[in-house]
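This report refers to the structure that appears directly beneath it.
Residues: numbered from 1 along the sequence shown.
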Amino acid sequence: MNTIFVIDSHAERRAEVCRVLLQGDRHAEPFETCEEFLAFSRSDGLALVHDEDGAAIRLSEKLEADPRMVPLIGFDASPQLASVVAAMQAGAVSYLAWPFTLQEFETEIDRIDAGVREETDRKRRTAHARSLLASLTGREKEVLVSLISHGTNKAIAKQLDISPRTVEKYRAAILVRLGVANSAQAIRVAVEGGAFDDTAIDPGNHDDDAMIR
């Protein structure tokens, strides 16, 4: 987390935060708004956002589904307990009171670093898996979910009331769409993306059954 993305609509405060961070070995990149930051092609780093009007919550929610996500820390001049709790529940990894010194910032980063890296990696895998699953049709999702509970083409075909040959073609299409080599890897993507956590699968449009037979 050597790059810190400083997001603050107040130009003077944004510049002062950057000056504090640049006293150390880290690189600070300023952004005026969350929208400007989200449009930026980010590398690994950490977002430090001034929590004005719930900005930390809004940005956390947007980053949650982004495979390029970075961890987020909120900051404010007079942090209110309710705002801090809400931001942390939304996904912020920490919250600081401004003004803070470089030493205070570095101490907090050192405290959360290991856990943040592990959690960020997990969220990135989940977001990436969900983006892959979103490319599947409704019937492909059903076939993928059925793989773990029914396994064989014959059993899946009986469950979904389609032919085993059609199941075989769906399975081949799923591997291509997910960019994996086999069914085990496809199931891993489904698990990471939460496909098996859904209580109901949206069947979507099954017109492709006729096309794929």
Legend entry - Side chain proximity check, L38 to L63, heavy atoms < 4.5 angstrom: yes
Legend entry - Single-linkage hydrophobic cluster I57~F31, side-chain heavy atoms < 4.5 angstrom: no
Legend entry - side chain to side chain donor-acceptor pair (under 3.5 Å) partners of Q185, counting only residues at least two apart: none
Legend entry - Between CD on residue E142 and CG on residue L147, distance to nearest 0.5 Å: 12.5 Å
Inset, instruction - Could you please spell out the steps behind the side chain to side chain contact (heavy atoms under 4.5 Å, CB included) verdict for L46 and I109? - result: CA-CA 10 Å; L46 181 146; I109 293 298; 3.8 Å; yes
Under 3.5 Å, side-chain donor or acceptor atoms of residues 86-99 against the rest of the protein: list the pairs with distances, not counting sequence neighbours.
{"unit_1": "S94", "atom_1": "OG", "unit_2": "E108", "atom_2": "OE2", "d": "2.5"}
{"unit_1": "Y95", "atom_1": "OH", "unit_2": "D51", "atom_2": "OD2", "d": "2.7"}

Inset, instruction - Please report the closest heavy-atom contact between V145 and A195, naming both atoms and the distance. - result: CG2-O, 4.1 Å
Legend entry - From CA spacing to verdict: side chain to side chain contact (heavy atoms under 4.5 Å, CB included), F105, L48: CA-CA 11 Å; F105 180 82; L48 180 64; 4.2 Å; yes
Inset, instruction - May I have the step-by-step check of side chain to side chain contact (heavy atoms under 4.5 Å, CB included) for T3 and R26, ending in yes or no? - result: CA-CA 6 Å; T3 300; R26 301 183 191 274; over 6 Å; no
Inset, instruction - Answer with yes or no whether the hydrophobic clustering places V85 together with F75; edges join I, L, V, M, F, W, Y residues whose side-chain heavy atoms lie under 4.5 Å apart. - result: no
Inset, instruction - Specify whether F37 and F5 have parallel, tilted or perpendicular ring planes, treating 30° as the upper limit for parallel and 60° as the lower limit for perpendicular. - result: tilted
Inset, instruction - Would you tell me whether S9 and E52 have side-chain atoms, one donor and one acceptor, within less than 3.5 Å of each other? - result: yes
Inset, instruction - Look up atom SG in C34 and atom CD in E36, then write down how far apart they are to the nearest 0.5 Å. - result: 10.0 Å
Legend entry - Non-hydrogen side-chain atoms of Q159 and I156 separated by less than 4.5 Å: no
Legend entry - pair D76-S83: side-chain heavy atoms closer than 4.5 Å: no
Legend entry - Exercise: identify the closest heavy-atom pair between G45 and V70: O-CB, 3.5 Å
Inset, instruction - Would you indicate whether the side-chain heavy atoms of V167 and I162 approach each other to under 4.5 Å? - result: yes
Legend entry - Atom pair OG1 (T137) and CZ (R177), whose distance is rounded to the nearest 0.5 Å: 6.0 Å
Inset, instruction - Could you tell me whether a side-chain N or O of E192 sits under 3.5 Å from a main-chain N or O of A190, the two making a donor and an acceptor? - result: no
Inset, instruction - Can you establish whether the number of heavy atoms outside Q23 located under 6.0 Å from its atom CD is more than 12? - result: yes
Inset, instruction - Check whether any side-chain heavy atom of L72 lies under 4.5 Å from a side-chain heavy atom of L59, and answer yes or no. - result: yes
Legend entry - Shortest non-hydrogen contact between L22 and A28, atoms and distance: CD2-N, 3.7 Å
Legend entry - Residues which pass side chain to side chain donor-acceptor pair (under 3.5 Å) with T107, listed by chain and number, not counting sequence neighbours: none
Inset, instruction - Would you check if the side chain of E104 reaches a backbone N or O of T101 as a donor-acceptor pair within less than 3.5 Å? - result: yes
Legend entry - Residue that, paired with N153, satisfies side chain to side chain donor-acceptor pair (under 3.5 Å) out of R171, K169, R165: R171
Inset, instruction - May I ask whether V84 and I112 are part of the same hydrophobic cluster, defined by side-chain heavy atoms of I, L, V, M, F, W, Y residues being less than 4.5 angstrom apart, directly or through others? - result: no
Inset, instruction - Would you indicate whether N182, at its atom CG, is surrounded by more than 12 heavy atoms from other residues, nucleotides or ligands within a distance under 6.0 Å? - result: yes
Inset, instruction - Flag the pair H27 / L21 as yes when at least one side-chain heavy-atom distance between them is below 4.5 Å, and no otherwise. - result: no
Inset, instruction - Given side chain to side chain contact (heavy atoms under 4.5 Å, CB included), test L144 with K141 step by step and report yes or no. - result: CA-CA 5 Å; L144 177 57; K141 290 177 183 177; 5.6 Å; no
Inset, instruction - Look at E32 together with R14 and state whether they make a salt bridge at an N to O cut-off of under 4.0 Å. - result: no
Inset, instruction - Let me know which of I7, V17, V6, D8 forms a side chain to side chain contact (heavy atoms under 4.5 Å, CB included) with H50. - result: D8
Legend entry - Where P164 and A157 come nearest, the two heavy atoms and their spacing: N-CB, 3.5 Å
Inset, instruction - Mind checking the OG1-CZ spacing from T166 to R139? Nearest 0.5 Å is all I need. - result: 9.0 Å
